[in-house]
Every structure is written in C-alpha cells, then in structure tokens.
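No experiment lies behind these values; they were computed from the predicted model shown. Only heavy atoms go into these numbers, but all of them, side chains included; no hydrogens, no water, no symmetry mates.
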Amino acid sequence: MSHKTALVTGITGQDGSYLAELLLEKGYLVHGLVRRSSSFSTGRIDHLYQDPHEQAPALRLHYGDLADGSRITTLLEAIQPDEVYHLAAQSHVRVSFDEPEFTGSTTGLGTTRLLEAIRMTGLPCRFYQASSSEMYGTTPPPQHESTPFHPRSPYAAAKTYAYWITRNYREAYGIHAVNGILFNHESPRRGETFVTRKIARAAARIARGEQQFLHLGNLEARRDWGYAPEYVDAMWRMLQREEPDDYVVATGTSYSVRDFLTLCFEHVGLDWERHVRFDERYLRPSEVPDLIGDSSKAARELGWTPTVLTPELAQIMTDAEVESPPVLRGDVSARPEADSILTAQDQSPR
C-alpha cells in the first residue's frame, strides 16, 4: 500500500474527483486546491469528504487560486507532495472566446506559477500537466505526440503555452514533468453545458416530459470521446514512469455530435431531429472539425488501453440522467454558456 502524498488542482472538477477516488484507493494522502467561494461547489467530491477535525483524514482541501503564486508556493512547502496533478483551468472552449484574458491567466500562466513554485522550493516532486487535444486544432488526424499543434481557440492557445512551459521546465531545470495530451473524455460528472452532458441530460428530460427542445450549434464536429475514469488512470501511470515524457490518451475512434445525439436519444426511444434546434450562439469563431488520437505510445509504455468507447459512453451518461431525480429549473441548453471555470472551488470548514 502506497503512502505517497499528492496535490490535485481542480479537484472539484470531473477529472479531479475521479483522480481523487483513484489516489485514495491506492493509499495516497490527497490534498486538493480549491478556490474560495461564498457557496460550496464540492458536489463531485462530497462522497469523499472527511471532517478535518477527525484524526488523519486522507483527503484535505486548501483554499488557493492559480492567480496567487505566493499562496501556491506556501502550500507546496507545507504539503511536500510527491506528485502534483495540475488539472485546474478555465476549460470551456466556447467560453474562452468570451474570456480570453482570464483563460490565458488561469489555463496558461497558472501552469507557470505552479512550476515556478516547484522550482523555487526545490521540491523533488513529479508534475502532471493536463494538456488537451484542442491544441492540434485543424492538423489532420490521427494526432499523436509528434503531430504539430494548430490551436484554434484562446483555450487551445493557453493549453499549448502550458504544454511548452512544462517541457521547458523539464528540460531547463530537470523537473520530473509530463504532459498528458488527453482527447475528449466524458462522464455523468461532466459540467451541464458541455455538449455531451447537455445531450444526455436533454434526452432524459425530454423523455420525462420536462423539456421539449435542445439548442445546439455545430453538429458535424467529430471527436474522440472516452470515459473519464479510465483517463485519470492514465494520468497516474504517467507519473509512475522513471523517465518523464508526454503521452496522448485517446480511444482512436471518431464520432460526430450528430452521432452522439443519435446514440443518446435512441437509447430513450426518441428521434432527436424532432427536438433539436440550431442556435448560432454555440458556434465558435473558429471551429475544430476532427480530432482522433493515436495512443499507441501509451499502450506500449504505460500499459494503458481504453475499454469504454463512445456508444457505451453515451449509454452510461444517458442512464445516469434517466436515473437522476427530476430538477425543476428549466432547459439548461437555453442558458448562456458560462458554467465551467475549473480553477477549483474550496472545501472548507463545514
């Protein structure tokens, strides 16, 4: 049983919650960075919560923000983590066009602040950077570790910067830093305005008579969708390697938004074409048509291969929505897209 200590930024997000579960199962002491808020946003990790007044809780949460380099440095010195998993970011691609400066500061410079804090404190920890398939943009698929980047959004540009600054600190200072270039990965814990969750949730609500229409933008974009719990296992595997390197994590399959619609709606016996309405507000100023990852290096060196592909993923997500209790708060697909700033929320003393 391991007794390592890990720090996870973005622990209240989809990936952070699954990663925290995995690390706790492996015997880690897990520290999470969460941003101060007047309301709790810890729903994804409430089942993991331990009263800090109890003796030696395995999960500990700390107030902090990626914009505050001094706070990050103080926490690293106090926690002395063996592994740092940097997952926090403004992670909504469409929102990044509306908030490019904020996206650059959190998603891009936040990575620099963490790496610089590691360098300044001299911690011999291992560092994981959550890189993104969006960095490839319009570069033709399949995309692998040597494929050139062509970012097509402020989010993708910020992630590209974070990728290269991670490599720079590895090469310049010898920090054990890796980039996990993860293609789209989803789950029932995805934020409600991300397209896969919007579709799964709408299918269930329409089937129950709680909603009539779903508003979407580009239906032709194709993505390589995998299952988030499997992808956090790949993150962990990367930091167990003796030599730091960068890895693509993907299923190697491609489905369009239209395909995902069909899978979810047919699963509840509906014809999506009767319920979906086009809304140009959800179009990006520059689109990314097709992302398909080649994760053969991860299979070869990490022993990682996906088992859940898009058809099963769509069923998992739709079933979760069908089984969830009705929420009487209107059609989430009609709201402005502004939900998912994963700079991490906080625990805190409850």
- Salt bridge present between Glu116 and Arg119 (N-O < 4.0 angstrom): yes
- Salt bridge present between Glu230 and Arg237 (N-O < 4.0 angstrom):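 Here Glu230 does not pair with Arg237 in a salt bridge, since their nearest N and O are not under 4.0 Å apart.
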Strictly distance-based, threshold 3.5 Å: is any side-chain N or O of [X] a donor or acceptor partner for the main-chain N or O of [Y]?
{"X": "Glu220", "Y": "Arg222", "answer": "no"}
{"X": "Thr9", "Y": "Leu87", "answer": "yes"}
{"X": "Thr139", "Y": "Tyr136", "answer": "yes"}
{"X": "Arg223", "Y": "Ser254", "answer": "no"}
{"X": "Asn179", "Y": "Ser131", "answer": "no"}

- Message: Tell me if the centroids of the rings in Tyr163 and Phe149 come within less than 6.0 Å of each other.
- Response: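 Yes: the rings meet the under 6.0 Å criterion.
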- Item | Output field: ring centroids Trp164/Tyr169 closer than 6.0 Å | no
- So, Tyr161 versus Thr112: side-chain donor-acceptor pair below 3.5 Å or not?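 Per modelled atom types, Tyr161 and Thr112 side chains form a pair under 3.5 Å.
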- Identified ring-ring contact (aromatic ring centres under 6.0 Å, His included) counterpart of Phe260 within the set Phe194, Trp225, Tyr255: Trp225
- Message: Quick check on ring-ring contact (aromatic ring centres under 6.0 Å, His included): which of Tyr18, Tyr247, Trp304 does Tyr231 satisfy it with?
- Response: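 Checked Tyr18, Tyr247, Trp304 against Tyr231; only one passes ring-ring contact (aromatic ring centres under 6.0 Å, His included): Trp304.
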- Please, which pairs that meet salt bridge (Lys or Arg N to Asp or Glu O under 4.0 Å) have at least one residue in residues 298-318, sequence neighbours excluded? Arg241-Glu301
